Structures are given as C-alpha cells and as structure tokens.
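The structure appears below as structure tokens.
For clarity, every value in this text was computed on a predicted model and none was experimentally measured. First the proteins, then the strands, lettered A, B, ... as listed; each starts at 1.
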Number of protein chains: 2
Amino acid sequence: MVTIRDVAKHAGVSPATVSRVVNGLVGYSEETRRRVEEAVTSLNYETDFMARGLKTRQTSVIGLLAPMVSDALASEVMRGVEEAAREQGYAVMLGRTGLQSVFIDGYLRTLRTYRAAGVILISAVITQETRQILGPNIPIISVAISDRSGSPSVSIDDERAAYDATRYLLSLGHRRIGLLAGDPASVFVAHPRQRGYERAMAEAGHPPVVAHGTFFYDSGAPGLDELLRQDPDLTAIFAVSDEMAAAAVNELQERGRRVPDDVSVLGFDNTSTAQHVHPPLSTVAQPLEEMGRAAVRKLLRARNLGPRIMPHSIIARGSTGPPAHQHPAHQHQPSQEL
Amino acid sequence: MVTIRDVAKHAGVSPATVSRVVNGLVGYSEETRRRVEEAVTSLNYETDFMARGLKTRQTSVIGLLAPMVSDALASEVMRGVEEAAREQGYAVMLGRTGLQSVFIDGYLRTLRTYRAAGVILISAVITQETRQILGPNIPIISVAISDRSGSPSVSIDDERAAYDATRYLLSLGHRRIGLLAGDPASVFVAHPRQRGYERAMAEAGHPPVVAHGTFFYDSGAPGLDELLRQDPDLTAIFAVSDEMAAAAVNELQERGRRVPDDVSVLGFDNTSTAQHVHPPLSTVAQPLEEMGRAAVRKLLRARNLGPRIMPHSIIARGSTGPPAHQHPAHQHQPSQEL
DNA sequence: TTGTAAGCGTTATCAT
DNA sequence: ATGATAACGCTTACAA
C-alpha cells in the first residue's frame, strides 16, 4: 500500500505538506503543489479513510435506514440519496429496518462507531431514543414522513395532499368517495392522509367511508370489499398507497366494474406500480428522488433545522374520471367541473 | 468517548487484555473475563471501527453495487444481502451503478480505501479491470447474472430457465410463441435467455419470433407490436422480464385480446410487478432473496470459487393457459399436456 | 511556505 | 495469563 510518506518522499517534501495539498488546504507554493500532485498520480496514492477517520473523528459515510414497507417508494428516495451523496463525495451505508425499532437501534450504534457524517431515515420517525443513541455529533433527518416533532425532515404535507386529492375527486363530480386508509399504528403517514380526506369530505358535506389496509397490495382487495360493503354505490376510491390502489383496480375489474367508467380509483405516492396497472393510476405524486437529494444536502449543511415541505401534485392518468351516474334509486347528479 | 484504556482502568487490567476479551481470543482467566465484561457494559464501551480497521487492515463492510436496471429485482437481492450481512455482523455499503462502468470504478476504489471485507455485484459482470482495481485482498462475487468467466457468482442457469419456460408454453399446446427479448448489449442475461428460447423452439420444430426491448415496462408495448407484426397469430408471448410482460398484458387487453384466453403471457424474475397485473403473471422465478444471502455467505467463506447455480422454477398464475385455437386458416391443434 | 512530532484507539509482538 | 510497547496512516499544532 502506498502511504502519504511514500508520496512525500517521491515529491521531496514532508508528509504534512502532502496532506495539505491533498486536502486542498492553504500553505504551499504552486511549484510544491505541482510536484505533490505528480507524485500522487504517478504512485496512484489514495487516502486511507480509516486512518483519516481515526484522526478526524469523521468519515464520509451517510447512513441510510429504509423500512421494508413500500419498497418502490424507498427505492426512489434511495436513488436520490445515493446520487447526491456520490456527488458530494460521500458513501452510503444501507440498513433495512422492519417496523420494529429493534434493528434500527443496532444500525444507529454501528453508524456511530463508524463515525458517520449523518443519518437519513426513510419513512420512520426520529424519536428521543434515536437521538440519544446517535449522540450529539451525528445529525439525522427523516424523509417522506410528516414529522410533527419539529425534527429535521423532508416531506410533503401529507394532510394537505390528501385533502387536495379528495377535492380533486369531488371536483370531478364524485360524492360517494371511499378511503382505503392505512394502519396508523404501523405506518405514520396513514394518519395525516386520513385526516386530509376527512376534512375535505366534511367540508363538502359528505359522510366519510373508510376501510383500513396495510399499504401493501394484498390488503387492497379486502379493503375494497369492506368499503363496498359499507356503501355499494361508491363512485370513487381513494387509496393512500399505489399498491392498494392497484389492487383495487384489479379487484374492481374482476367484479365486472369498469375503471374509471363505473368507479374511479386514485392512488398515492406515484411509484412505478402506478404505471404498471391498466388503466394507469391517477395518483398523488411526491418528488421522491428529489426529496432524497434534498435530505442529503440538508443533512450536510450546518443549519439542518426543522421540517422542509416539498410540493405535492396530482397526476391524472387513466384511472379517474367523472362518475357515470348515481345508483338508479338516487337522484341523478350531472358531473361537474370545478 | 470511552476507549479501551478506560475499560482497562476500570477493570484493573491492561488494554491488551481487554482487547483479548472483547475479541474472544484466548489468554485470560475466567475471573478476568468477568471483570472486563462488567466494565464494558457499565461504561458502555464500543469498539472504534476506525481504529480497529486501521490496525487490522479490514473492516466489516460489504460493498453492494446495484444497477438502476430492474429495481424490483435488485431490491429483492438487496434484502437478502442486507439480512445475511447483519446476521454476520457486517454493514452494507451501497452503490448504485448505471449501465456504464464509470461509477462502478469509483465505488470500487472507495470500497478499497474503506478496506471492505468483500464486494457484491448485482446484475453486473466481473471484469479484469474490476479485479484489478480491487486488488488481491478483497473478494468479489456477482449475483443474478450468468457469468461464463468462472468468477465467483450466484445465479440461476438463465439459458436452462428460458428453455424450460419455453417448454412449459409448448406443453400447454402453444406453437406460435413470440419472445420479448432484452438487449444483449446492455443487459447480460438477455443473451442466455434468448438462447434458451431458441433452443426449445428449434427442438420443437417451430420458427422463433423475436423482438427486442430494454427490460423496462415502456419497451413492452412497442415490443409486443413488433412481435405481432411478425406474426399476428401468436398465441403466447414470453417476455424476459416481468415489466415487459406486464406491459404486454396491458397492451394486449387494450387491443381487445383476452389474457390468457386469446394470448398467454409469461414473465421472468418473479418480482412484485408480476402480482400487480391482472391477471397475475405466470413467470420464471429466481430465488432472489436467497441468492443475496448465499452471496454473502460465499463471499465470507475462504473458498469462494466458481459459480453457484441456484434452482429456478416456473410459477403458473393467471396469465398463461392453453391456446384457444389456431387461426381459422390453420389446422386446429388440440391443447396437449406434456 | 514548510517540517517535526504527537497522537487518534486499536491490535499484535514480545516479554514476563 | 497478563502487560509494555510499537506500529497502522493520517492530521494538526507548533516550530522554524
């Protein structure tokens, strides 16, 4: 292995000077710089991160903790994180965490002993304990989750996004809109999304119709079933994840109902799943990749305080449209544009 | 920060002894062990990986390089890698690589200076250059790619799997089977999969019908179009990725053809995509997660030589069935079980 | 502008 | 069975 001393010898300077040049500090002549750089390339020298880390008490690694939940979502964020990290010269250390915080603690500890430059949490909330394990020197930030604690975070306004999405369905003329919600106990974003829906429905004077799923595909069909049991005349389904929405579309068609002619379906997150169903899913988009990039930048800046809210948007694809007509027994409602 | 000296002092022994106990080496009395362990827990001591890495020239880091291609596939493998690594006390350092090897070289260098314990390559092939950058001390292994070079790898037999898949379609009674192939130039598995299909078709005495896509969803519809142009009477489509197969299913239905009644569709990889289409995709399954786990184990064993072939299987779901009947102009072929 | 030297926290060698 | 001590390769005061 070629060390900094080898380079120093080759360039005829001291190790200290080599270190200065390599790290772009000040305090050497142009001529020296040239000679050192020549030596570096000709010897193919590379800084030993272990030695540097031991000395500086910092490494260029960013810890990235992602849950097993909604892989497609985490994948998008990860892409953004990885790209931004690479551009800034950081490596990404990956940990997959379940819903249990058992693993997350372990990872946090590992990250601390590796002297990580920072930690990014996808779809998980920063607790007191989290902060405590990490100690005061390692910053942490959460992504894609509406954090109410005021901790550093990058996310959309989930409540508002769900509200807007419901308004969108309302503006299409729908009145009987069912919510395929998530389990608030296990997934944090479930709660604000449900609140947004309920607020929009309340404002419009329509009763909410809610069933709970797990965010995963498998829970979509049973959830739809439950919704339809509560109100067989639903003309629109709003699912808080694309996977559940996709399952709803497929199950609806299985039952002989056309999408969107008979029932509209709206998803959430704009993951790749949304485009793989037929018709493709209208959905609420989060700028996932950009959120990942933003998280890295925010983490690495000194001022890493408070939440950062990113814009959401509603992408209308084929799975939503105006309602055909209400159930024969009910009054006919012409579709209305808002 | 609490160091090994603090523990030594607390336990009334030397740092060397603490090190021996912590690392489970020999050379200390039962009584000493007890005292040291008490000190470790009561001081909450944790080994500094940087210092250890500097000294031992090794860290418990496994580098994981995944392409942007077919995210769902990489995700599955990653899960297996991450789990196995954690169980063995290793951390995973993630790099996403494009199809270009530009990034991969950079990551390899980073991994080397971090003194990684080993490197896992998903869907990418180990080249001479790769090996050279890594040096002789860091083992590397590729996953989910049929490597012909004899380098360490974990994969299925892609040629054989495609052959078996085609035979499966043949056994259902299909004669006119189109292949939605991948681009052999950009994705390595494309080639053996195409060969397997061609071999099975040749043996059965049927002409191959081939169109090329990119493995991604978007290339599915155009690919199907091309296939149907070559032979409008195709009764089965075999796509070498689930994404292309999903696109084919959707496009087929868009054109008013029923799946599988009019046309059967078979996918490849058994990613989550396969279950999100309607009807759910029959597909060729690779034990992706298990392959990830196997890769970690193989990497960490001393004897890490040659390829390891994992079993593939064909999962019949709703998208395949016997052909209804041939084109009216042709002879009727009763469906036949093989 | 440049060099010397003292660690960073650990492990490994060599005594005892 | 245990302890001194010397590295590992780097950064950083402090000197010059």
Side-chain angles (χ1 to χ4, degrees), chain A residues 1-40 43-61 89 109-110 112-117 135 137, chain B residues 1-40 43-61 89 109-110 112-117 135 137:
Chain A
M1 174 179 238
V2 28
T3 77
I4 205 171
R5 308 187 81 94
D6 300 326
V7 178
K9 200 165 298 175
H10 187 103
V13 298
S14 76
T17 297
V18 176
S19 176
R20 291 185 187 106
V21 173
V22 166
N23 293 299
L25 304 179
V26 292
Y28 44 84
S29 69
E30 182 57 22
E31 162 64 8
T32 309
R33 189 191 58 74
R34 220 190 36 69
R35 286 229 309 287
V36 169
E37 282 179 350
E38 189 277 323
V40 164
L43 292 183
N44 213 281
Y45 167 75
E46 272 158 11
T47 305
D48 184 304
F49 291 176
M50 292 297 130
R52 172 185 287 171
L54 176 59
K55 184 67 188 175
T56 62
R57 317 187 60 75
Q58 251 256 20
T59 51
S60 300
V61 331
R109 254 177 274 274
T110 302
R112 177 155 58 93
T113 66
Y114 268 110
R115 305 228 180 96
N137 298 319
Chain B
M1 173 179 238
V2 28
T3 75
I4 205 170
R5 308 186 80 94
D6 301 326
V7 178
K9 201 165 297 175
H10 187 104
V13 297
S14 75
T17 298
V18 175
S19 177
R20 286 189 266 258
V21 173
V22 166
N23 293 296
L25 304 180
V26 292
Y28 44 84
S29 69
E30 182 56 24
E31 161 64 9
T32 307
R33 188 190 58 75
R34 221 189 37 69
R35 286 229 307 288
V36 169
E37 282 178 350
E38 188 278 322
V40 164
L43 293 182
N44 213 281
Y45 166 76
E46 272 159 11
T47 304
D48 185 304
F49 292 177
M50 292 297 129
R52 172 184 287 172
L54 176 59
K55 185 63 186 175
T56 61
R57 318 186 60 74
Q58 251 257 20
T59 51
S60 301
V61 172
R109 254 178 274 274
T110 302
R112 176 154 60 94
T113 67
Y114 269 110
R115 305 229 179 97
N137 298 319

* **Non-hydrogen atoms of A:Q58 and A:A117 that approach each other most closely** => OE1-CB, 3.6 Å
* Earliest and latest nucleotide of DNA chain D, 5' to 3', sitting under 4.0 Å from a non-hydrogen atom of chain B? -> D:dA1 to D:dG9
* Once you round it to whole Å, what is the distance between P of C:dT10 and CG of B:N23? -> 10 Å
* To do: Using a cut-off of strictly less than 4.0 Å, decide whether A:R115 has a side-chain nitrogen or oxygen near OP1 or OP2 of C:dC8.
  => no
* Asked: Say you draw a straight line from OG1 of A:T17 to CZ of A:R35; how long is it, rounded to the nearest 0.5 Å?
  -> 10.0 Å
* Structure fact -> So CZ of A:R112 and CE of B:M1: to nearest 0.5 Å the spacing works out to 7.5 Å
* Check whether any side-chain N or O of A:T32 sits under 4.0 Å from OP1 or OP2 of C:dT2, and answer yes or no. => yes
* When you look at A:V7 and A:H10, which way does the side chain to side chain contact (heavy atoms under 4.5 Å, CB included) test go after all the steps? -> CA-CA 5 Å; A:V7 178; A:H10 187 103; 5.6 Å; no
* Asked: Ignoring hydrogens and geometry, is there a side-chain-to-backbone donor-acceptor pair from A:T59 to A:Y114 under 3.5 Å?
  -> yes
* Asked: For the helix from C:dT1-D:dA16 to C:dT16-D:dA1, what is the angle between the axes at its two ends, each from 5 pairs, rounded to 10°?
  -> 40°
* To do: Remember a base hit wins even if backbone is also touched, and classify A:Y45 as base, sugar-phosphate or nothing at under 4.0 Å, heavy atoms.
  => sugar-phosphate
* Distance in angstrom units between B:Q58 CD and C:dG9 P, rounded -> 22 Å
* To do: With rounding to the nearest 0.5 Å, note down the distance linking CE in B:M50 to CG in A:D48.
  => 10.0 Å
* salt bridge (charged side-chain N to carboxylate O under 4.0 Å, His left out) between A:E38 and A:R34: does it pass, once the steps are laid out? -> CA-CA 6 Å; A:E38 189 277 323; A:R34 220 190 36 69; over 6 Å; no
* Tell me, with the steps shown, if B:Y45 and B:V22 meet side chain to side chain contact (heavy atoms under 4.5 Å, CB included). => CA-CA 10 Å; B:Y45 166 76; B:V22 166; 4.2 Å; yes
* Asked: Rounded to whole angstroms, how far apart are CZ on B:R52 and P on C:dT10?
  -> 9 Å
* Structure fact -> Closest heavy-atom pair, A:T32 versus A:V13, reported as atoms and distance to 0.1 Å, is CG2-CG1, 3.9 Å
* Structure fact -> The reported gap from OG in A:S14 to CZ in A:R5 (rounded to nearest 0.5 angstrom) is 10.0 Å
* Asked: How long is the line joining CZ of A:R5 and P of C:dG3, in whole Å?
  -> 13 Å
Collect all protein-nucleotide pairs involving nucleotides 4-7 of chain C in which both atoms are nitrogen or oxygen and the distance is under 3.5 Å.
{"from": "C:dG7", "atom 1": "N2", "to": "A:K55", "atom 2": "NZ", "distance (Å)": "3.1"}
{"from": "C:dG7", "atom 1": "N3", "to": "A:K55", "atom 2": "NZ", "distance (Å)": "3.2"}

* **Residue whose closest nucleotide on DNA chain D lies nearer the 5' end, B:V13 versus B:L54** => B:V13
* Structure fact -> For B:G89 and B:S60 the tightest heavy-atom approach is O-CB, 3.6 Å
* Structure fact -> note: B:D48, atom CG; C:dT11, atom P; distance rounded to Å ~ 10 Å
